[in-house]
Amino acid sequence: MKYDIMHFEALGEEAEHLQEETDRLVAEGKLKKDFSSVITPLTLQEYLKQENLSGKDLPNIVTTKTHSVLPEEWVNSEPKKSVITRSAGYDHFEHLQNKLNIASLRVYCVKAVAQTAIKFLYAAAGYLNEYSKNTLLFERNKTHSFHELGPDMVATVFGVGNIGAETYRMLVQNGLTVQAVDVRAEELKGLDAYKDFHFVDKETAIKNSDVILNVMNLTKAKESRFYNVNYFDQETLSKAKKGIILINVTRGEIMPEHVVLEGMEKGQIIGFGTDVFSYEERITQALRNGETKSDDPDIDAALTLIHRALNREANVYVQPHQGFNSDVAAVDKAKEAMAHVAFFFNEGKGTFKEQLPYYES
């Protein structure tokens, strides 16, 4: 059977909400009555293998998350194919933007990811691991004084799109002195939504920040002004204050793990919180196989940081990337994805209202 659309990597409640949204759009006449879809937790390549199918069996539009691989025969076939990545990030398909119509979810997880960043900040500033561990013996003397969040603490948000802007506002609400770094600073300054934002350049922020929060989308295209692989490299972080706290809630490739680990061992970085890693598939496999070492410096550092976090041996806080799994975000995610689908089949007639490239290079 040829389906109108296939949704891959739809896990748990997300699958339920995708079906609910599909049924609602059909009932409202925004999708045809016989609209057909597949909703599966499998990646695209796993599904094709399980069902003994090939790329030519896929419909003209699919939705995925970050671990699905699009078959070349599908990518290069006519008519032009379309994909919605059900993630705020899109770097995993960015190299295909001249071949496919590509849309991502730019609104659904704003508060959820921003709140994840603030959660990590409270944990790191509060030395949560140390305080929890000391409870075992009710030790009260050998404990760091935690850092109060207030105007004497300068926090910089790198990347103030929808999620970054919400993170900025939450930091202001928590009483910190907040500033922003963004390649689009001059353009954003002219918008009402950013009229109260204090923008600084990267060099100033690195030197005067007590907290750095990375909320930038990863851009791997070297020719783009948004290119930010290894943005927080060793040379950059060596100029930061001693005792800085780092939070990373977008992509590990922007803030390499080996740089973070080295900074923590030198005492320059006193706290770190993240739910993203540079090589997540390989790290996942290593963890499930019980591996503790790797030949790759970033994977090796990531495994060390995870081990220290889980054993409360350092002021490090980790979790799988799931900030978008809040109760509200799970529903919003399905709604935004299916809004793209409805537009595609109606007004868009095979294209999306918003699609890559979102910004000029």
(message) Under the criterion side-chain hydrogen bond (donor to acceptor under 3.5 Å, both in side chains), I'd like the reasoning laid out for N162 against E166: C-alpha separation, chi angles, the key distance, then a yes or no.
(response) CA-CA 6 Å; N162 290 319; E166 184 64 21; over 6 Å; no
Carefully, step by step, assess T236 and Y231 under the rule side-chain contact (heavy atoms from CB on, under 4.5 Å). CA-CA 8 Å; T236 297; Y231 185 93; 5.9 Å; no
Is [X] reaching over with its side chain to a backbone N or O of [Y], donor-acceptor style, under 3.5 angstrom?
X: D201; Y: E203; answer: yes
X: S36; Y: D4; answer: yes
X: D275; Y: Q319; answer: no
X: T250; Y: M216; answer: yes
X: Y279; Y: E253; answer: no
X: E46; Y: T43; answer: yes
X: D298; Y: S278; answer: no
X: D300; Y: D296; answer: no
X: N230; Y: D233; answer: no
X: E21; Y: M338; answer: no

Do the side chains of [Y] and [X] get nearer than 4.5 Å, heavy atoms only?
X: L149; Y: Y122; value: yes
X: K207; Y: K241; value: no
X: I244; Y: V211; value: no
X: F158; Y: I212; value: yes
X: N129; Y: S132; value: no
X: I102; Y: I84; value: no
X: E73; Y: V75; value: no
X: K81; Y: N101; value: no

ILVMFWY cluster, [X] and [Y] together (side-chain gap under 4.5 Å):
X: F232; Y: F272; result: yes
X: L310; Y: V260; result: yes
X: L246; Y: V181; result: yes
X: L287; Y: L261; result: yes
X: M255; Y: V259; result: yes

Write down the atom of [X], the atom of [Y], and the distance for their closest heavy-atom approach.
X: A10; Y: A15; value: O-CB, 3.8 Å
X: H67; Y: Q45; value: O-NE2, 3.0 Å
X: A205; Y: V200; value: CB-CG2, 3.8 Å
X: S104; Y: Y90; value: OG-CD2, 3.7 Å
X: N60; Y: P79; value: ND2-CG, 3.8 Å
X: T177; Y: P151; value: OG1-O, 2.7 Å

Carboxylate-amine/guanidinium proximity below 4.0 Å for [X] and [Y]:
X: E130; Y: K133; value: no
X: E139; Y: K142; value: no
X: E20; Y: K333; value: no
X: K30; Y: E347; value: no
X: R86; Y: E9; value: no

_Within the 3.5 Å criterion, strictly below it, is a donor on H307 or T292 matched to an acceptor on the partner's side chain?_
no
Note to self: For the residue pair T143 / N134, report whether a side-chain donor-acceptor contact shorter than 3.5 Å exists.
What the structure shows: yes
To the nearest 0.5 Å, what is the distance between [atom1] on [X] and [atom2] on [Y]?
X: T66; Y: E281; atom1: OG1; atom2: CD; value: 7.5 Å
X: N315; Y: I245; atom1: CG; atom2: CD1; value: 7.0 Å
X: H147; Y: D210; atom1: NE2; atom2: CG; value: 9.0 Å
X: E94; Y: S224; atom1: CD; atom2: OG; value: 7.0 Å
X: E313; Y: T304; atom1: CD; atom2: OG1; value: 10.0 Å
X: H258; Y: L305; atom1: NE2; atom2: CG; value: 12.0 Å

**Request:** Begin from the C-alpha positions of H92 and T85 and carry the test side-chain hydrogen bond (donor to acceptor under 3.5 Å, both in side chains) through to its verdict.
**Result:** CA-CA 9 Å; H92 50 296; T85 170; 2.9 Å; yes
task: Measure from NZ or CZ of K119 to the centre of the six-membered ring of Y317 and say whether it is under 6.0 Å with the direction within 45° of the ring axis.
output: no
Crowding at [atom1], [X] (>12 non-hydrogen neighbours, <6.0 Å):
X: K189; atom1: NZ; result: yes
X: K80; atom1: NZ; result: yes
X: N52; atom1: CG; result: no
X: E235; atom1: CD; result: no
X: E13; atom1: CD; result: no

Exercise. Parallel, tilted or perpendicular for Y194 and F199, by the 30°/60° rule?
Worked result: tilted
- Hey, what's the ring geometry for H144 with Y127, parallel, tilted or perpendicular (30° and 60° as the breaks)? parallel
**Asked** Are F343 and F352 close enough that their ring centers fall under 6.0 Å?
**Response** no
Set out, in order, the CA-CA distance, both residues' side-chain angles and the distance that settles side-chain contact (heavy atoms from CB on, under 4.5 Å) for D196 and Y168, then state yes or no. CA-CA 10 Å; D196 296 324; Y168 187 106; over 6 Å; no
- Derivation of the side-chain contact (heavy atoms from CB on, under 4.5 Å) call for S68 and F8: CA-CA 8 Å; S68 286; F8 299 99; 3.9 Å; yes
For this session: Determine, stepwise, if the pair N208 / T204 fulfils side-chain contact (heavy atoms from CB on, under 4.5 Å).
Result: CA-CA 6 Å; N208 75 353; T204 299; 3.9 Å; yes
